[in-house]
Amino acid sequence: MNRIIFFTSSYKIGLTGQLTEQALSFAKNYRNQFLFVSGEKEQFPGLFNKLDNNVNNAVISGLDDHSEFRRLITEFNYYVDQFQPEFVTVHTNWQLAIVTAVKHLYRKKYSIVYVVHGYRHNFRFRSVVAKYSIGLALWLFADRVITPSSFLKRQFGFLRHKNVIIFIGEDEAFFRKYSAPSFTGTKGFVFPGEFRAGKGQELLIRVIKRYIDVSGNNDVELYLPGKGENLEKCKSMCKRLGLEKKVIFPGFLNREQMHQLYLKCQFALIPSNVETFGHCIVEPFILGRVVISRHVGVADDIIISGKTGFYFDSEKDLLKVLLAVASDEGLCKTVAKNAFDHRDQFRWDNICKQHFDLIYDIAGTH
């Protein structure tokens, strides 16, 4: 039986909702094989309550604060001695440093699996330095590297055989609550994201204006949930273009509210310059919405143009796609159903099985 320590928190956040869901999925079938380790904070209230009595978890105070490195090494080594893992899965560079230090200082035998979530990809120049510094550490200290999309795997292509694609799962609620979209009446478009450079809300506002002008169809709504430094700029832009009633800014939405908004819309538009995975792509996809995306994140792994979604590269491309697709009810129904039929690849149970397949593969090579 392979014993695994799995980190479930992130820098400054603590226990995360996403990793809580994954921990619960692992524990359903492999509870005694896992010890889940996190800091004392939680991303939102109630996450630790979810774990209590369901998983074996340990809390290391200050784990996610990037200080007291010696103490953290000592405390983590205590849990290693108690649990005797063959594998440790980490999600941040800080966790990698702690786990690597314990492995070498105390002569432990476990293998290290690193899950990449980003590389300062929001910054053009810093991302280059970060990518190669992270890559060097992974080349030296990680036995396997999980990247959740082909897009991200290409960024770390120099890791070669160490690099494996395993998607991120989605909340089970997204699989339970579903209603097929109707493509008659008002056309609803949605893109959730932080209002900052590189996300592309301004592009969507301009395209919706052009779509209304060119198609003559005024029965459209664009929903842009989220907050950020560019929010007021986008609101001013809508006012200038006369789109105050066509572009809706709901503010920050929780998971349930976001779920309901997806079900209200028929289309998801993804204008981001970079997404390393892209929940904004996957969530509407598994709910059977028509996803129209740039070639970012997981899009290239799941979208076949004209069958399970559509692509665009530029503002002009997006307008062309909308004019061709939005009014074609038959095509939209087919694409939406095809997307919905491929949703199971994002169930946590399937993701966790792939994680275990990777563990068995590593074990077989040692």
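In this text the structure is predicted, and so the values were computed from the model without any measurement.
A single hydrophobic cluster is not seen to contain both Tyr11 and Val116; linkage of ILVMFWY side chains at heavy-atom distances under 4.5 Å, directly or through other members, places them apart. The cluster map of Ile, Leu, Val, Met, Phe, Trp and Tyr, joined by side-chain heavy atoms under 4.5 Å apart, puts Val59 and Ile13 in different clusters. No chain of hydrophobic side-chain contacts below 4.5 Å, direct or via other Ile, Leu, Val, Met, Phe, Trp or Tyr residues, connects Val325 to Ile304. Cluster annotation: Val99 and Tyr106 are assigned to the same hydrophobic cluster (Ile/Leu/Val/Met/Phe/Trp/Tyr, side-chain heavy-atom contacts under 4.5 Å, transitive).
For Tyr114 and Asp143, the side-chain atoms include no donor-acceptor pair closer than 3.5 Å. A donor and an acceptor atom, one from each side chain of Gln18 and His279, are located under 3.5 Å apart. When only modelled atom types and interatomic distance are considered, Thr89 and His355 share a side-chain donor-acceptor pair under 3.5 Å. Using modelled atom types, one finds no donor on one side chain facing an acceptor on the other under 3.5 Å when comparing Ser150 with Asp300. The closest side-chain donor-acceptor pair between Ser9 and Asp64 falls under 3.5 angstrom. Side chain to side chain, Thr74 and Asn77 fail the donor-acceptor criterion of an N or O pair below 3.5 Å.
Formation of a donor-acceptor pair under 3.5 Å by the Lys162 side chain with backbone atoms of Ala142 is found in this model. At least one donor-acceptor pair closer than 3.5 Å links the side chain of Asn254 to the backbone N or O of Glu256. Judged purely by atom type and a 3.5 angstrom limit, Gln266 uses its side chain to pair as donor or acceptor with the backbone of Thr186. Under a 3.5 Å cut-off, the side chain of Asp317 and the backbone N or O of Asp313 do form a donor-acceptor pair. For the pair Arg289 (side chain) and Tyr262 (backbone), a donor-acceptor distance under 3.5 Å is present. At distances below 3.5 Å, at least one donor-acceptor pair connects side-chain atoms of Gln95 with backbone N or O atoms of His91. Between the side chain of Lys41 and the main chain of Leu15, no donor-acceptor pair closer than 3.5 Å is present. A donor-acceptor pair under 3.5 Å links the side-chain atoms of Thr276 to the main chain of His117, judged by distance alone. Gln84 places a side-chain N or O within donor-acceptor distance of the main-chain N or O of Asp81, the cut-off being under 3.5 Å. A donor-acceptor pair under 3.5 Å links the side-chain atoms of Arg294 to the main chain of Pro271, judged by distance alone.
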Please walk me through it: do Val298 and Val282 pass side-chain contact (heavy atoms from CB on, under 4.5 Å)?
CA-CA 8 Å; Val298 75; Val282 175; 3.4 Å; yes

Please evaluate residues Gln22 and Phe6 with respect to the criterion side-chain contact (heavy atoms from CB on, under 4.5 Å), reporting the C-alpha separation (whole Å), side-chain torsions for both, the decisive distance (0.1 Å), and the verdict. CA-CA 10 Å; Gln22 188 167 12; Phe6 191 96; 3.6 Å; yes

- Task: Verify salt bridge (charged side-chain N to carboxylate O under 4.0 Å, His left out) between Asp357 and Lys353, making sure each step is shown before the conclusion.
- Result: CA-CA 6 Å; Asp357 289 343; Lys353 180 183 181 302; 3.1 Å; yes

Evaluate the ring-ring contact (aromatic ring centres under 6.0 Å, His included) criterion for residues Phe346 and Phe167: first the C-alpha distance (whole Å), next the side-chain angles of each, then the deciding distance (0.1 Å), finally the verdict. CA-CA 7 Å; Phe346 295 103; Phe167 295 154; 4.9 Å; yes

*When you look at Phe69 and Trp94, which way does the ring-ring contact (aromatic ring centres under 6.0 Å, His included) test go after all the steps?*
CA-CA 9 Å; Phe69 189 66; Trp94 183 248; 5.3 Å; yes

Verify side-chain contact (heavy atoms from CB on, under 4.5 Å) between Arg343 and Phe174, making sure each step is shown before the conclusion.
CA-CA 10 Å; Arg343 68 195 182 280; Phe174 279 80; over 6 Å; no

Exercise. So Asn217 and Val220, side-chain contact (heavy atoms from CB on, under 4.5 Å) or not? Walk me through it.
Worked result: CA-CA 7 Å; Asn217 179 13; Val220 299; 4.0 Å; yes

Could you walk me through whether Glu221 and Tyr223 pass the side chain to side chain donor-acceptor pair (under 3.5 Å) check? CA-CA 6 Å; Glu221 294 176 338; Tyr223 291 87; 2.8 Å; yes

Walk me through whether Arg255 and Glu170 qualify under salt bridge (charged side-chain N to carboxylate O under 4.0 Å, His left out).
CA-CA 11 Å; Arg255 302 291 289 161; Glu170 294 294 346; 3.6 Å; yes

Applying salt bridge (charged side-chain N to carboxylate O under 4.0 Å, His left out), run through Arg176 and Glu172 and close with a yes or a no.
CA-CA 7 Å; Arg176 291 195 303 265; Glu172 191 58 33; 5.0 Å; no

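For Phe7 and Phe76, the gap between ring centers is short of 6.0 Å. You'll find the ring centres of Phe151 and His295 outside the 6.0 Å limit. In summary, the aromatic rings of Phe183 and Phe267 are positioned with their centroids under 6.0 Å apart. Taking the six-membered ring for Trp and the full ring otherwise, the centers of Phe34 and Phe36 sit less than 6.0 Å from each other.
The aromatic rings of Phe340 and Tyr178 lie parallel to each other, with less than 30° between the two planes, well short of the 60° mark.
A cation-pi contact, defined as under 6.0 Å to the ring centre and within 45° of the axis, links Arg3 to Phe83.
Between Arg347 and Asp344 there is a salt bridge, since at least one side-chain N of the basic residue sits less than 4.0 Å from a carboxylate O of the acidic one.
More than 12 heavy atoms of other shown residues, nucleotides or ligands fall within 6.0 angstrom of atom CZ in Phe158. A 6.0 Å sphere centred on NZ of Lys103 holds more than 12 heavy atoms belonging to other residues, nucleotides or ligands. Taking a 6.0 Å sphere around CZ of Arg206, one finds it holds more than 12 heavy atoms contributed by other residues, nucleotides or ligands.
Closest non-hydrogen pair, Ser67 versus Leu72, comes out as O-CD1, 3.4 Å. Nearest heavy atoms, Thr308 versus Ala339: O-CB, 4.1 Å. Nearest approach of Gly185 to Asp219, heavy atoms of both residues: C-OD2, 3.6 Å. Residue Val164 comes nearest to Arg144 through the heavy atom pair CG2-CD, 4.5 Å, listed as atom of the first residue, atom of the second, then distance. The minimum heavy-atom distance linking Leu323 with Ser215 is given by the pair CD2-CB, 3.8 Å. The shortest non-hydrogen separation linking Phe252 to Lys227 is CB-CD, 4.4 Å.
Here the rule is salt bridge (Lys or Arg N to Asp or Glu O under 4.0 Å) with Lys199, and of Glu229, Glu275, Glu194 only Glu275 fits it.
The shortest distance between side-chain heavy atoms of Ile292 and Leu318 falls below 4.5 Å. Looking at heavy atoms from C-beta onward, Leu224 lies out of side-chain contact with Pro192 at the 4.5 angstrom threshold. Side-chain contact between Leu222 and Lys246 is absent, with no heavy atoms from C-beta onward closer than 4.5 Å.
For residues 42-63, every residue pair satisfying the side chain to side chain donor-acceptor pair (under 3.5 Å) rule, not counting sequence neighbours, is listed here: Glu21-Lys50.
Contacts of Asp328 classified as salt bridge (Lys or Arg N to Asp or Glu O under 4.0 Å), with partners at least two apart in sequence or in another chain: none. By the salt bridge (Lys or Arg N to Asp or Glu O under 4.0 Å) test, Glu86 pairs with no residue at all, sequence neighbours left out.
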